[in-house]
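Convention: sequence-line order gives letters A, B, ...; per-chain numbering from 1. Both backbone and side-chain heavy atoms feed into the values below; hydrogens, waters and symmetry mates do not.
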Number of protein chains: 2
Amino acid sequence: MSDTPRDRLNRLHQVLRERICLLDYPPGTRLSEEALAAEFGTSRTPLRRALARLEDEGLVSSVHGVGTLVTDVDIGEMTRTYEFRRELAGLVGRLTPAPITPDIIAQARHFEQCATQLRHAPDAREFARLNMEFFHFGTSLTENEALRDTSERLYYKTARIWLKSIPRMDLSAEVAIFADEIRDIRAALESGDTMGAALIRQAHISMCFARLHAQA
Amino acid sequence: MSDTPRDRLNRLHQVLRERICLLDYPPGTRLSEEALAAEFGTSRTPLRRALARLEDEGLVSSVHGVGTLVTDVDIGEMTRTYEFRRELAGLVGRLTPAPITPDIIAQARHFEQCATQLRHAPDAREFARLNMEFFHFGTSLTENEALRDTSERLYYKTARIWLKSIPRMDLSAEVAIFADEIRDIRAALESGDTMGAALIRQAHISMCFARLHAQA
DNA sequence: AATGGACCAGTTGTACACAAATTTGCCCCC
DNA sequence: GGGGGCAAATTTGTGTACAACTGGTCCATT
């Protein structure tokens with residue numbers, strides 16, 4: 001396969017985004033363009049393009065003469081973003097839902113297995129990663145590109161706040177809830193009910209935020 | 001006021017976006033980085049950052065060795081984007097609606113005046129510009145930043161398709177419908193009903209797309 | 001005449017050097 | 001001892017030269 005400049009940009013962007021959202025770079029971290037460029041074996045120019053995209057997405061903030069800082073979301077904006085995400089989750093079931101293929105069912109079952117394993121060995125980071133993958137699976141249930149892109153964009157904006165609060169919460173309980181959500185969604189999809197699956201997700205986003213808010 | 005690099009970037013981005021959406025650069029136009037840089041009295045570097053943002057928003061597409069081309073949206077994606085926009089318009093009334101200040105009422109009345117003037121001298125380009133400004137006004141009725149940003153992003157993605165279809169439609173009739181919409185929304189806001197205003201917008205987005213689809 | 005290849009003009013992508021801006025630490029002065 | 005200011009170090013922003021790539025043209029060959 002060819003490796004176009006765009007592919008390289010997307011990889012850079014994806015890697016940095018994941019590091020930010022998994023708190024490898026906690027809020028307030030100062031990212032060095034030069035150091036990152038050296039790490040990825042490139043010059044500052046392509047790296048800056050990836051950082052520019054992250055800045056447009058609100059994950060970092062570059063200030064002339066100071067540095068590129070990983071942002072922190074204030075509680076008010078996060079609340080409103082979560083409300084928005086909740087509504088978007090419902091739309092996934094209503095706007096051009098994707099046909100439920102055997103592959104989708106297989107993926108759902110795979111996630112159910114992973115969640116079961118996670119219950120036996122809870123781990124915050126692995127939990128976050130699985131949550132991220134399952135979110136992508138959820139957005140793939142609609143064929144509406146704009147809805148998908150928007151949902152993912154907002155997910156990555158709130159993901160790290162969630163992971164940041166995990167230490168103050170009951171990890172085992174959260175994993176159990178997550179496993180139940182996956183099981184219910186798998187069941188809904190097996191009966192051909194995309195709308196039902198979307199409503200379950202919507203409910204869980206709402207409740208997840210409520211638990212999060214109770215800790216803050 | 002100071003003129004930070006970010007201000008310059010935002011201006012560049014805004015100007016180019018407006019040119020694309022008002023069809024000064026119709027779909028397929030090849031933009032020259034060097035020519036634009038010369039026009040704005042800067043080098044390619046800052047200009048490329050603005051183009052990169054436009055590319056992330058889906059308004060242009062840069063191809064190595066070929067050029068930066070203004071994109072054209074296919075009918076299927078536009079349909080789905082319009083459906084999404086319709087739902088977002090409804091959310092403006094439900095998610096943290098902004099308090100209705102006298103300033104908002106004044107703005108609404110101003111738009112009503114502008115629309116009345118436009119009825120006496122219909123002009124496609126001026127229509128498009130007023131429509132754009134009124135859209136921004138509409139998103140300002142919610143305090144949910146994410147909803148506002150998303151709505152605007154999607155508006156600009158579909159705006160030029162609408163303007164492109166105007167020549168095949170009855171301009172006077174469209175202006176009249178627009179003027180009625182503004183009047184109804186102004187009335188709803190004067191009676192303190194943000195939700196009502198949002199529902200009117202939702203209805204008009206839906207009907208606008210239906211008329212658009214009938215022409216295609 | 002058709003076809004293949006090499007060259008050429010033009011464009012975006014990358015690297016690097018330098019400018020602009022901010023922070024920090026130090027020194028000097030009061 | 002404290003405060004102001006200056007300069008150096010560090011960082012992002014900008015300009016520019018060059019590399020990589022594409023599309024078209026022209027010419028040679030079959």
Side-chain angles (χ1 to χ4, degrees), chain A residues 1-17 19-20 24-73 157, chain B residues 1-17 19-20 24-73 157:
Chain A
M1 297 294 293
S2 65
D3 183 46
T4 69
R6 184 176 296 187
D7 292 333
R8 288 192 288 270
L9 164 65
N10 288 338
R11 270 204 311 273
L12 269 178
H13 170 254
Q14 206 170 338
V15 168
L16 292 177
R17 186 178 61 179
R19 288 185 184 177
I20 291 172
D24 293 331
Y25 301 144
T29 304
R30 208 176 59 192
L31 304 179
S32 166
E33 296 184 350
E34 210 157 344
L36 288 174
E39 177 189 343
F40 292 108
T42 179
S43 79
R44 279 179 58 211
T45 308
L47 189 105
R48 276 173 63 76
R49 164 110 194 234
L51 287 179
R53 187 186 281 183
L54 291 172
E55 185 170 16
D56 289 341
E57 294 172 339
L59 298 184
V60 304
S61 172
S62 293
V63 184
H64 190 182
V66 178
T68 301
L69 308 172
V70 177
T71 59
D72 202 355
V73 186
K157 190 161 184 183
Chain B
M1 298 296 292
S2 65
D3 184 47
T4 68
R6 184 176 296 185
D7 292 334
R8 289 193 289 271
L9 164 66
N10 287 338
R11 270 204 310 273
L12 268 179
H13 170 255
Q14 206 171 338
V15 168
L16 293 176
R17 185 177 62 178
R19 289 184 185 177
I20 291 173
D24 294 331
Y25 301 145
T29 304
R30 206 177 59 193
L31 304 180
S32 165
E33 295 184 352
E34 211 158 343
L36 288 175
E39 178 189 343
F40 292 107
T42 179
S43 79
R44 280 179 58 210
T45 309
L47 190 105
R48 276 173 64 76
R49 162 101 198 241
L51 287 178
R53 187 185 282 183
L54 290 172
E55 185 169 16
D56 288 342
E57 294 172 338
L59 297 185
V60 304
S61 172
S62 292
V63 184
H64 191 184
V66 178
T68 302
L69 307 173
V70 177
T71 58
D72 203 355
V73 186
K157 191 161 182 183

Enquirer: Using modelled atom types and a 3.5 Å cut-off, is there a donor and acceptor pairing between side-chain atoms of A:Asn10 and backbone atoms of A:Asp7?
Expert: no

Enquirer: I want to confirm an ordering. Mapping A:Gly41 and A:Gly65 to their closest nucleotides on DNA chain C, which one lands closer to the 5' end?
Expert: A:Gly41

Enquirer: Report the distance from atom CG of B:Leu12 to atom C1' of D:dG13, rounded to the nearest whole Å.
Expert: 13 Å

Enquirer: Report yes if a side-chain nitrogen or oxygen of B:Arg44 is closer than 4.0 Å to either non-bridging phosphate oxygen (OP1 or OP2) of D:dG15; otherwise report no.
Expert: no

Enquirer: Distance check needed: D:dC21 C1' versus A:Asp3 CG, whole Å only.
Expert: 14 Å

Enquirer: Does D:dT12 have its OP1 or OP2 closer than 4.0 Å to a side-chain nitrogen or oxygen of A:Ser62?
Expert: no

Enquirer: To the nearest 0.5 angstrom, please state how far the CZ atom of A:Arg53 sits from the CZ atom of B:Arg53.
Expert: 13.0 Å

Enquirer: Rounding to a whole Å, what distance do you find between A:Phe40:CZ and C:dG13:P?
Expert: 20 Å

Enquirer: Quick one: A:Leu36 CG to D:dT12 C1', roughly how many Å, whole number?
Expert: 13 Å

Enquirer: In this structure, how many angstroms lie between the C1' atom of D:dT12 and the NE2 atom of A:His64, rounded?
Expert: 5 Å

Enquirer: Going from OG on B:Ser32 to CG on B:Leu47, what distance comes out if it is rounded to the nearest 0.5 angstrom?
Expert: 9.0 Å

Enquirer: Between the main-chain N or O of A:Gly58 and the side-chain N or O of A:Thr71, is there a donor-acceptor pair closer than 3.5 Å?
Expert: yes

Enquirer: Which nucleotide, C:dT11, C:dA15, C:dT12, lies nearest any side-chain atom of A:Thr42?
Expert: C:dA15

Enquirer: At 4.0 Å (heavy atoms only), tell me whether B:Leu31 reaches a base, stays on the sugar-phosphate, or touches nothing.
Expert: sugar-phosphate

Enquirer: Quick check against the 3.5 Å criterion: does A:Arg17 have a side-chain atom that pairs as donor or acceptor with the backbone of A:Leu54?
Expert: no

Enquirer: Any base atoms under 4.0 Å from B:Arg8, or only sugar-phosphate, or nothing? Heavy atoms, all strands.
Expert: sugar-phosphate

Enquirer: Mind checking if B:Glu34 touches a base, just sugar-phosphate, or nothing, with heavy atoms under 4.0 Å?
Expert: nothing

Enquirer: A:Leu69 CG to D:dT12 P: how many Å, rounded?
Expert: 9 Å

Enquirer: Below the 4.0 Å mark, does D:dT12 have OP1 or OP2 next to a side-chain nitrogen or oxygen of A:Arg48?
Expert: no

Enquirer: Return the value, rounded to whole Å, for the distance between atom CD of A:Glu33 and atom C1' of C:dT14.
Expert: 15 Å

Enquirer: Please tell me if A:Ser32 has a side-chain N or O lying less than 4.0 Å from either OP1 or OP2 of D:dT10.
Expert: no

Enquirer: Side chain of B:Thr45: nearest nucleotide among C:dT22, D:dT16, C:dG13?
Expert: D:dT16

Enquirer: Please classify the nucleic acid contact of B:Leu9 as base, sugar-phosphate, or nothing, using heavy-atom distances under 4.0 Å.
Expert: nothing

Enquirer: Give the nucleotide from the list C:dT12, D:dT11, C:dT14 with an atom nearest to the side chain of A:Arg30.
Expert: D:dT11

Enquirer: Reckon A:Ser43 has a side-chain N or O less than 4.0 Å from the OP1 or OP2 of C:dA15?
Expert: yes

Enquirer: Checking B:Arg44 side chain against B:Ala37 main chain: does a donor-acceptor pair fall under 3.5 Å?
Expert: no

Enquirer: Measure the distance from CG on B:Leu47 to C1' on C:dG13 and round it to the nearest whole Å.
Expert: 15 Å

